[in-house]
Amino acid sequence: MDEVKDTNELIQQRIQKIKDWKAKGINPYPLRFFPNSTSAELIKNFDASNTEKISFKLGGRLHAKRVMGKASFAHLKDKDGLIQLYATRDDLGEENYSLFKSLDLGDWIGIEGWLFQTQKGETTLHLTSVTMLAKCVRPLPVVKEKDGVIYDAFSDVEQRYRMRYVDLVVNDSVRETFKMRSRIVSEIRNFLTNEGFLEVETPMMQPIAGGAAARPFITHHNTLDLNLFLRIAPELYLKRLIVGGLDRVFELNRNFRNEGISTKHNPEFTMMEAYMAFGDMESMLSLTERMVISVAEAIGKGTKFAYGKDMIDISSPWKRVKYVDIIKEYSNIDFSEIKSLDEAKAKAKEVKVDADGCVSIWKVCDEVFSSLVEPNLIQPIFITDFPKELSPLAKSREDDPRYVERFEPYVAGREIGNAFTELNDPFDQKERFEEQVKQREAGDDEAFMMDDDYIRALEYGLPPTGGLGIGIDRLVMLLTDSHSIRDTILFPLMRPE
């Protein structure tokens with residue numbers, strides 16, 4: 001309570017400063033200010049031997065301040081870093097120097113001045129003018145000491161996610177993570193464009209939720225009096241484009257799935273999906289491996305880097321293991337030999353996996369995989385040959401139709417993607433959809449819906465095609481050593497305060 005009281009008092013003090021400034025004709029929120037340089041540029045290009053007093057303009061937040069009578073030192077923090085400031089009453093004048101002394105940490109200011117080097121060798125801007133740009137009314141969190149312990153006053157993770165605007169101000173590492181995310185997305189675009197893929201956009205509101213096994217969010221269009229679903233995946237629309245003759249397409253897309261929140265899941269997330277005519281599972285496997293390596297090298301990460309306590313090696317080739325085989329390795333259960341749902345549930349119970357709610361043998365199998373296998377997949381690995389039942393959009397293997405030509409790449413204990421040889425037989429696809437509808441009617445609300453228009457598109461002819469989806473948020477987690485998906489999403493979904 002004392003901290004809340006102290007904060008409220010500081011807020012009132014800062015509000016009073018605004019009133020005082022306005023009374024003196026100072027606008028604490030002026031219309032505009034145009035910097036002509038940044039702190040990093042000035043420090044990098046400073047030549048101490050050049051005594052010419054060239055004027056520079058910077059804008060940023062006041063980061064620190066040390067008032068010493070007629071002269072003061074401070075630090076300005078802008079988008080590139082920190083630079084020391086030197087202010088004197090003689091150079092600024094009585095009114096401007098008084099303004100400078102009354103500034104609080106976090107205030108946005110515009111400054112102008114010339115560079116010099118202090119006796120300690122620090123590049124410093126000697127101020128000739130100060131302009132108030134925006135008052136920081138609420139005090140920024142700072143590092144404090146309590147009972148001999150140093151702690152971060154903004155260490156509450158929930159508050160950091162909820163107030164990302166403050167998190168970005170006070171935590172440099174957070175800001176760097178999101179700069180890196182932007183670079184990663186840019187490099188993915190560059191890689192796919194160089195591979196001959198065309199970036200496209202498909203609907204985010206869809207009459208049928210398709211392309212993935214997930215519960216959708218529902219919205220309503222008033223004019224058409226039509227219920228629509230927020231996109232759970234762009235897959236079926238992107239394959240329609242392959243039918244139309246756009247032979248290589250990709251989309252960086254926002255998806256929405258009405259599911260739980262965890263370190264690996266956020267209801268709103270970003271995917272990259274790519275489809276290649278005359279490709280297959282092997283084509284997409286090669287594309288995945290090359291793309292991840294290319295992006296990691298382009299951002300300076302390289303092919304060997306630390307992730308938590310593990311050293312990850314993404315250099316080629318990645319290991320490959322069949323889905324059923326790796327489950328047998330970690331659980332000693334061979335699901336290819338199980339004949340009934342009851343037997344599958346009993347086997348799962350023996351290895352302490354709760355599968356009571358599962359409606360089929362392969363659903364039980366997937367629970368065992370998630371619980372016992374996935375956390376152990378630290379080094380990059382392709383899990384291949386998934387059961388047909390779990391892959392309603394993938395083409396069956398010719399040698400064993402129970403399984404499909406599909407893989408999922410795993411690294412650091414997480415799936416980062418999904419890919420397969422696309423099912424292009426409209427009759428087989430319709431049967432698969434019909435089976436999914438039966439599962440949906442039996443209570444599986446993540447099963448696929450029937451999409452008659454997609455079947456019609458396939459009837460016009462989809463050439464042999466490979467498809468790939470990569471979870472951008474999870475890839476960013478890997479490449480920034482982040483351990484919660486919410487650390488890679490600027491504004492993750494939170495409960496209301």
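- Partner of Val295 under the side-chain contact (heavy atoms from CB on, under 4.5 Å) criterion, chosen from Asn190, Ile314, Ile184, Val185: Ile184.
- Looking at Leu423 and Leu462, their side chains never come closer than 4.5 Å, going by heavy atoms from C-beta outward.
- The side-chain tip of Lys395 does not point at the ring of Phe420 from less than 6.0 angstrom away and within 45° of straight on.
- Nearest heavy-atom pair, Pro267 versus Leu493, reported as atom, atom and distance to 0.1 Å: CG-CD2, 3.6 Å.
- In this view, Asp47 and Ser49, Asn50 satisfy the side chain to side chain contact (heavy atoms under 4.5 Å, CB included) rule, not counting sequence neighbours.
- Under the 4.0 Å criterion applied to side-chain N and carboxylate O atoms, Asp172 and Lys77 are assigned as salt-bridge partners.
- Arg290 and Ser286 share a donor-acceptor pair across their side chains, judged by distance under 3.5 Å alone.
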Test log, rule salt bridge (Lys or Arg N to Asp or Glu O under 4.0 Å), inputs Lys239 and Glu422: CA-CA 9 Å; Lys239 286 190 285 191; Glu422 300 296 334; 2.6 Å; yes
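- Within the cation-pi definition used here (under 6.0 Å to the ring centroid, within 45° of the axis), Arg164 does not qualify as a partner of Phe491.
- Atom CE of Met205 is surrounded by 12 or fewer heavy atoms from other residues, nucleotides or ligands within 6.0 Å.
- Between Asp280 and Thr421, the side chains place no donor N or O within less than 3.5 Å of an acceptor N or O (distance only, hydrogens not considered).
- Remark: Asp385 engages Arg397 in a salt bridge, criterion side-chain N to carboxylate O under 4.0 Å.
- Considering all non-hydrogen atoms of both residues, Phe250 and Phe197 come closest at CD2-CB, 3.6 Å.
- Atom-to-atom distance recorded for Met291:CE and Met284:CE is 8.5 Å, nearest 0.5 angstrom.
- Under the 3.5 Å distance criterion, the side-chain polar atoms of Glu431 are left unmatched by any main-chain donor or acceptor of Asp428.
- A donor-acceptor pair is defined here as one N or O able to donate and one able to accept, closer than 3.5 Å; no such pair exists between the side chain of Arg183 and the backbone of Lys179.
- Between Phe369 and Tyr410, the distance from one ring center to the other falls under 6.0 angstrom.
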Under 3.5 Å donor-acceptor pairs involving side-chain atoms of residues 466-475, not counting sequence neighbours:
{"residue": "Asp473", "atom": "OD1", "partner": "Arg181", "partner atom": "NH1", "Å": "2.7"}
{"residue": "Asp473", "atom": "OD1", "partner": "Arg181", "partner atom": "NH2", "Å": "3.0"}
{"residue": "Asp473", "atom": "OD2", "partner": "Thr270", "partner atom": "N", "Å": "2.9"}
{"residue": "Arg474", "atom": "NE", "partner": "Lys264", "partner atom": "O", "Å": "3.2"}
{"residue": "Arg474", "atom": "NH1", "partner": "Glu415", "partner atom": "O", "Å": "2.8"}
{"residue": "Arg474", "atom": "NH2", "partner": "Lys264", "partner atom": "O", "Å": "3.0"}
{"residue": "Arg474", "atom": "NH2", "partner": "His265", "partner atom": "NE2", "Å": "3.4"}

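- The pair Lys438-Glu434 does not count as a salt bridge, with every side-chain nitrogen at least 4.0 angstrom from each carboxylate oxygen.
- The list of side chain to side chain donor-acceptor pair (under 3.5 Å) pairs with a residue in residues 308-323, not counting sequence neighbours, reads Glu282-Arg320, Glu289-Ser316, Asp313-Ser315, Tyr323-Asp366.
- For Lys430 and Phe433, the positive end is not near the middle of the six-membered ring at less than 6.0 Å and at most 45° from its axis.
- Within the 4.5 Å cutoff, side-chain heavy atoms of Ser484 are placed close to those of Tyr161.
- Within the 3.5 Å criterion, the main-chain N or O of Thr202 finds a donor-acceptor partner in the side chain of Glu251.
- Salt bridge annotation for Asp451-Arg240: present, with a cationic side-chain nitrogen under 4.0 angstrom from a carboxylate oxygen.
- With contacts defined as side-chain heavy-atom distances shorter than 4.5 Å, the pair Leu192/Glu199 does not qualify.
- Remark: the backbone N or O of Gln159 is paired with a side-chain donor or acceptor of Asp156 at under 3.5 angstrom.
- Judged by distance alone, the side chain of Ser360 and the main-chain N or O of Lys363 form a donor-acceptor pair under 3.5 Å.
- Remark: Arg160 does not engage Glu158 in a salt bridge, criterion side-chain N to carboxylate O under 4.0 Å.
- Here the side chain of Arg248 pairs no donor or acceptor atom with the backbone of Met276 at under 3.5 angstrom.
- Using a 4.5 Å heavy-atom threshold, the side chains of Arg432 and Lys388 count as touching.
- For the pair Asn227/Thr219, no side-chain contact is recorded, criterion being any heavy-atom separation below 4.5 Å from C-beta on.
- Side chain of Thr177 to main chain of Ser173: a donor-acceptor pair is present (N/O by atom type, distance under 3.5 Å, no hydrogens or angles).
- When the shell of 6.0 Å around CG of Asn332 is examined, it contains 12 or fewer heavy atoms from other residues, nucleotides or ligands.
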Test log, rule salt bridge (Lys or Arg N to Asp or Glu O under 4.0 Å), inputs Arg189 and Glu187: CA-CA 5 Å; Arg189 277 196 167 98; Glu187 292 301 335; over 6 Å; no
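- The main-chain N or O of Pro392 is found under 3.5 Å from a side-chain atom of Gln429 such that the two form a donor-acceptor pair.
- Of the possible polar contacts, one joining the Asp78 side chain to the Ser39 backbone as a donor-acceptor pair under 3.5 Å is found.
- The number of heavy-atom neighbours closer than 6.0 Å to NZ of Lys328, taken from other residues, nucleotides and ligands shown, is 12 or below.
- Remark: side-chain polar atoms of Lys345 are paired, donor with acceptor, to backbone N or O of Asp356 under 3.5 angstrom.
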